[in-house]
K.L.:
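One structure is given below, represented as structure tokens, and several questions about it will come after.
A quick note: this is a predicted structure, and the numbers were derived from the prediction, not measured. Quick note on labels: first sequence line is chain A, next is B, and so on, each numbered from 1.
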2 protein chains.
Amino acid sequence: MPTINDVAKAAGVSPSTVSYVLSGRRPISAETRARVQAAIAELGFHPHAGARALASSKTNVIALVAPLRVDVNVPVIMQFATAVVTAARSYNHDVLLLTKDEGTAGLERVAHSTMVDALILMDLERDDLRIPALRKLKQPSVLIGLPADHTGIACVDLDFGAAARAALAHLAGHGHRRIGLVGPSPAVYKRQTTYADRFLTGFLEASVDLGLQTVTHPCEPGAEGVRSCMADLDAELSGLTALVVHNEEALRPLLDLLHATGRRVPEDVSIVAICPRDVATAMPVNLTSIDIPAHDVGTLAVETVMRLLDGRRVEYTRLLEPRLVERDSCREISASHR
Amino acid sequence: MPTINDVAKAAGVSPSTVSYVLSGRRPISAETRARVQAAIAELGFHPHAGARALASSKTNVIALVAPLRVDVNVPVIMQFATAVVTAARSYNHDVLLLTKDEGTAGLERVAHSTMVDALILMDLERDDLRIPALRKLKQPSVLIGLPADHTGIACVDLDFGAAARAALAHLAGHGHRRIGLVGPSPAVYKRQTTYADRFLTGFLEASVDLGLQTVTHPCEPGAEGVRSCMADLDAELSGLTALVVHNEEALRPLLDLLHATGRRVPEDVSIVAICPRDVATAMPVNLTSIDIPAHDVGTLAVETVMRLLDGRRVEYTRLLEPRLVERDSCREISASHR
DNA sequence: GCCCATCGTCGAAGCGCTTCGACGAAATTT
DNA sequence: AAATTTCGTCGAAGCGCTTCGACGATGGGC
């Protein structure tokens, strides 16, 4: 492995000059630069990351703390991770992958030992124990999610409250008045994963504002969970004409169930789903949906990290506006049902 | 951030002594050790990763190159990643996440700049361009998969050939003689992802050995893909009594299709699936399946890396034996069908 | 009782890079 | 024409750690 000294010798300059060619922090004449770059290319020189980190106190690595349990939302999480890695690379950074189950210790380890310049965390809970730990680090962090006390920490997420309101507004605009919410699994609520709460709150507020009759229920995974969720919804409010489904995994069994029980979508029941676009379009009925913009959120998180590292100002809470895409699962309610 | 010098002063010893306490590479008296450890704890000292890497030429980081495209097998990939990260942590290593689409450049970057001690690659293609690049690196690497020319590189994977044989043997043992293979999507074959080939080869060999009549077909994603795949299989070989499904995504639509066309599982058609356990058990019929042991494979990959780093011997090709778990989707063929 | 190995510790060198101050030369200002 | 600034480069210090050789103090073997 050639070092910067080897390059310097080959180019007939001092090591510091090579460094300045690399970093561009001081003016270097065009010919010197050319000679240095030629030497770099010829020797195949790559600066030693550790040495660089030691000398500059910058690692060009960011930590991504992801919930790597094999959980409900695996594909969505993957989309976030992909977006983060891709965006980080576009800023010449790499990504160190941490699991959530190391808890607070993982963060502290990588931060204190200066392995990373910044952290991005996913899957935040309402009173996430990692938040106070984060505040003590010298590295900045960005959250994908919106825990209770996030003052002073940058947060990025879809505006799930607005998403719920948009879903209801869309259905109300089609004349629906009796609407059920198929929520995430009880486990998600129990963990107080913040998006579930925010969605539910927005849903309840909007149903009051719009004068709707609504019922909400979490939904256990699997066909059986869907069956009992639907049973509960129907029991609590008869004559449902529309469903909002905030549970990716439930979509498929739900459509199966509706089909099996002779309720046609959208003729008898309209549906708005909150899920990634590709899930919405992979169903037997193309679902009108509000996308979970994992790519945008992940990219934005990285951009925010970079601003923070540059010492630029950031908006501490960025909630992305939901976009509802109309497909084939909603229909103007027929007069008979009004 | 306290340094090793601060610790040394606080404990009244030299920095090298602190280092030896940390590494255990030289004997240190119990009392000195205790004093040093107390100082470390009190100051909250964490060795600077860059400095350490520079001095020791070890980073305690391994690269994981994962196909982060949002692909068919997302949950499986996630399981691999989880296993790798967890196992790496148990050896006190961290994981740097690279995407496959950086191609060969990503590997070279992290290797040449000494960011990682070793690499683990997933989703290998038959003539993967990264293999020759890997050979030039000073860091060892372990592949999850089995490309064509892997001499001198450690490979770990499920023995897909044996899995195919096991599936057919199981069905043959139940009296089935006319069996179809629902394969991965054509895209997977086109990429020459090695497990698809190995499975297919094993399947064809076993069907000869067992004297079976078989047909095979790739299967496009979605209900439509499944429909046309089944149509092709039925057209090419009438009287199919069993299916081997090596396509996780197809399982659900396939069961729907069979149900819709009045072919009962397992009464009319038996099924063996190759998929993660939780997928097999999440279907309307609990499927007899051969597990994709992502956890074991990931863990083994990390163990192999560690052996390599220690300079210990490794087996260069480790193909895990498939385990077929009987559930409810296979049945002894009825006399009328024989 | 002497020699040699082992134990426990220290000091110093060095890993490969960045960055600061310095300095001659060239360009600009006065 | 002198004074000042800017440009382009160099040398050296230092980032925080590991590791090697050295060295006094013990302890065993004979």
Side-chain angles (χ1 to χ4, degrees), chain A residues 1-37 39-40 43-61 92 109-117 138 309, chain B residues 1-37 39-40 43-61 92 109-117 138 309:
Chain A
M1 288 282 91
T3 72
I4 201 172
N5 277 294
D6 301 328
V7 175
K9 277 174 201 151
V13 298
S14 78
S16 52
T17 300
V18 177
S19 179
Y20 288 123
V21 167
L22 251 26
S23 70
R25 291 183 172 285
R26 285 204 181 169
I28 298 287
S29 70
E31 45 178 339
T32 307
R33 195 180 320 130
R35 249 185 313 138
V36 169
Q37 271 156 353
I40 289 177
L43 298 178
F45 166 73
H46 291 252
H48 185 292
R52 198 167 233 197
L54 180 54
S56 68
S57 5
K58 282 183 187 178
T59 63
N60 275 32
V61 174
N92 199 30
R109 182 168 46 80
V110 299
H112 288 151
S113 60
T114 326
M115 298 182 78
V116 301
D117 294 337
K138 62 167 192 266
L309 290 176
Chain B
M1 289 283 91
T3 73
I4 202 172
N5 276 295
D6 301 328
V7 174
K9 276 174 202 153
V13 299
S14 79
S16 53
T17 301
V18 177
S19 178
Y20 287 124
V21 167
L22 252 24
S23 70
R25 290 183 174 284
R26 284 204 181 170
I28 297 288
S29 70
E31 45 178 338
T32 306
R33 195 181 320 130
R35 250 184 314 137
V36 169
Q37 270 155 354
I40 288 176
L43 298 178
F45 167 73
H46 291 252
H48 185 291
R52 200 167 232 196
L54 180 55
S56 68
S57 359
K58 283 183 186 180
T59 63
N60 274 33
V61 174
N92 197 31
R109 182 168 46 80
V110 300
H112 288 152
S113 60
T114 325
M115 298 182 77
V116 302
D117 294 337
K138 62 168 192 265
L309 290 176

K.L.:
What's the shortest heavy-atom distance between B:Ile28 and B:Thr17, and which atoms?
P.N.:
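For B:Ile28 versus B:Thr17, the nearest heavy atoms are CD1-CG2, 3.9 Å.
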K.L.:
Check every strand shown and say whether B:Ser19 touches a base, only sugar-phosphate, or nothing at a heavy-atom separation below 4.0 Å.
P.N.:
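Result for B:Ser19 = base.
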K.L.:
Is the shortest side-chain N/O distance from B:Ser16 to OP1 or OP2 of D:dT18 below 4.0 Å?
P.N.:
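No, outside the criterion.
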K.L.:
How many Å lie between CZ on B:Arg25 and C1' on D:dC20, as a whole number?
P.N.:
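Taking atom C1' of D:dC20 as the reference, CZ of B:Arg25 is at 13 Å.
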K.L.:
Between D:dC7 and A:Tyr20, counting only base atoms on the nucleotide and side-chain atoms on the residue, is there a donor-acceptor pair under 3.5 Å?
P.N.:
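No, no donor-acceptor pair under 3.5 Å.
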K.L.:
What is the minimum heavy-atom distance between A:Thr114 and B:His48, and which atoms define it?
P.N.:
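Closest pair (atom of A:Thr114, atom of B:His48, distance): OG1-CD2, 3.6 Å.
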K.L.:
So which heavy atom on A:Pro2 is nearest to which on A:Leu43, and how close?
P.N.:
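Residues A:Pro2 and A:Leu43, closest heavy atoms: CG-O, 3.4 Å.
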K.L.:
I need the CD-P distance between A:Glu31 and D:dC7, as an integer number of Å.
P.N.:
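After rounding, the reported distance stands at 17 Å.
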K.L.:
Give one of base, sugar-phosphate or nothing for B:Val18, where a contact means two heavy atoms less than 4.0 Å apart.
P.N.:
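If one applies the 4.0 Å heavy-atom cut-off, B:Val18 turns out to touch nothing in the nucleic acid.
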K.L.:
What is the minimum heavy-atom distance between B:Ser14 and B:Ala8, and which atoms define it?
P.N.:
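Residues B:Ser14 and B:Ala8, closest heavy atoms: C-CB, 3.7 Å.
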K.L.:
Looking at DNA chain C, which of residues 46-54 of chain B put a heavy atom within less than 4.0 Å of it?
P.N.:
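Those residues whose heavy atoms fall under 4.0 Å from DNA chain C, taken from residues 46-54 of chain B in numerical order, are B:Leu54.
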K.L.:
Taking A:Asn60 for its side chain and A:Asn92 for its backbone only, find out whether a donor-acceptor pair lies under 3.5 Å.
P.N.:
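Checked: pair present.
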K.L.:
Rounded to whole angstroms, how far apart are CZ on B:Arg26 and P on D:dT18?
P.N.:
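Result: 13 Å.
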K.L.:
Answer yes or no: does a side-chain N or O of A:Ser14 lie under 4.0 Å from OP1 or OP2 of D:dC10?
P.N.:
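So the side chain of A:Ser14 is within the cut-off, an N or O lying under 4.0 Å from OP1 or OP2 of D:dC10.
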K.L.:
When you look at B:Tyr20 and B:Thr32, which way does the side chain to side chain contact (heavy atoms under 4.5 Å, CB included) test go after all the steps?
P.N.:
CA-CA 11 Å; B:Tyr20 287 124; B:Thr32 306; over 6 Å; no
K.L.:
Can you see which heavy atom on B:Phe45 is nearest to which on B:Thr3, and at what distance?
P.N.:
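Minimum heavy-atom contact is CE1-C, 3.5 Å.
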K.L.:
Using atom NE2 of B:His112 as one end and atom C1' of C:dG16 as the other, report the distance to the nearest whole Å.
P.N.:
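Atom NE2 in B:His112 sits about 17 Å away from atom C1' in C:dG16.
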K.L.:
Keeping the roles fixed (side chain from B:Asp117, backbone from B:Lys58), state whether a donor-acceptor pair exists under 3.5 Å.
P.N.:
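No: the side chain of B:Asp117 does not pair with the backbone of B:Lys58.
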K.L.:
Work out how much the helix from C:dG1-D:dC30 to C:dT30-D:dA1 bends between its end axes, five pairs an end, to the nearest 10 degrees.
P.N.:
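The angle, to the nearest 10 degrees, is 30°.
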K.L.:
Whole angstrom is fine here: how far is it from CD1 in A:Ile28 over to P in D:dC7?
P.N.:
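Nearest whole value for this atom pair: 12 Å.
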K.L.:
How many whole angstroms separate atom CG of B:Asn5 from atom P of D:dC17?
P.N.:
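Rounded to the whole Å, the gap is 8 Å.
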K.L.:
Identify the heavy atoms of B:Val36 and B:Val7 that sit nearest to each other, and give their distance.
P.N.:
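B:Val36 and B:Val7 have their closest heavy atoms at O-CG1, 4.2 Å.
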K.L.:
Do any N or O atoms from the side chain of B:Arg35 and from the backbone of B:Ala11 form a donor-acceptor pair under 3.5 angstrom?
P.N.:
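Yes, because the side chain of B:Arg35 sits within donor-acceptor range (under 3.5 Å) of the backbone of B:Ala11.
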K.L.:
When the distance from CD1 of B:Ile4 to P of C:dA12 is rounded to whole Å, what number comes out?
P.N.:
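Going from CD1 in B:Ile4 over to P in C:dA12 covers 16 Å.
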K.L.:
Can a side chain N or O of A:Ser56 be found less than 4.0 Å away from OP1 or OP2 on C:dT18?
P.N.:
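A:Ser56 to C:dT18 OP1/OP2: no side-chain N or O under 4.0 Å.
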K.L.:
From CG of B:Asp6 over to P of D:dC17, roughly how many Å is that when rounded to an integer?
P.N.:
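In whole Å, D:dC17 P lies 9 Å from B:Asp6 CG.
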K.L.:
Among C:dC17, D:dC17, C:dT9, which nucleotide sits nearest the side chain of B:Ser29?
P.N.:
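Selected nucleotide (nearest to the side chain): C:dT9.
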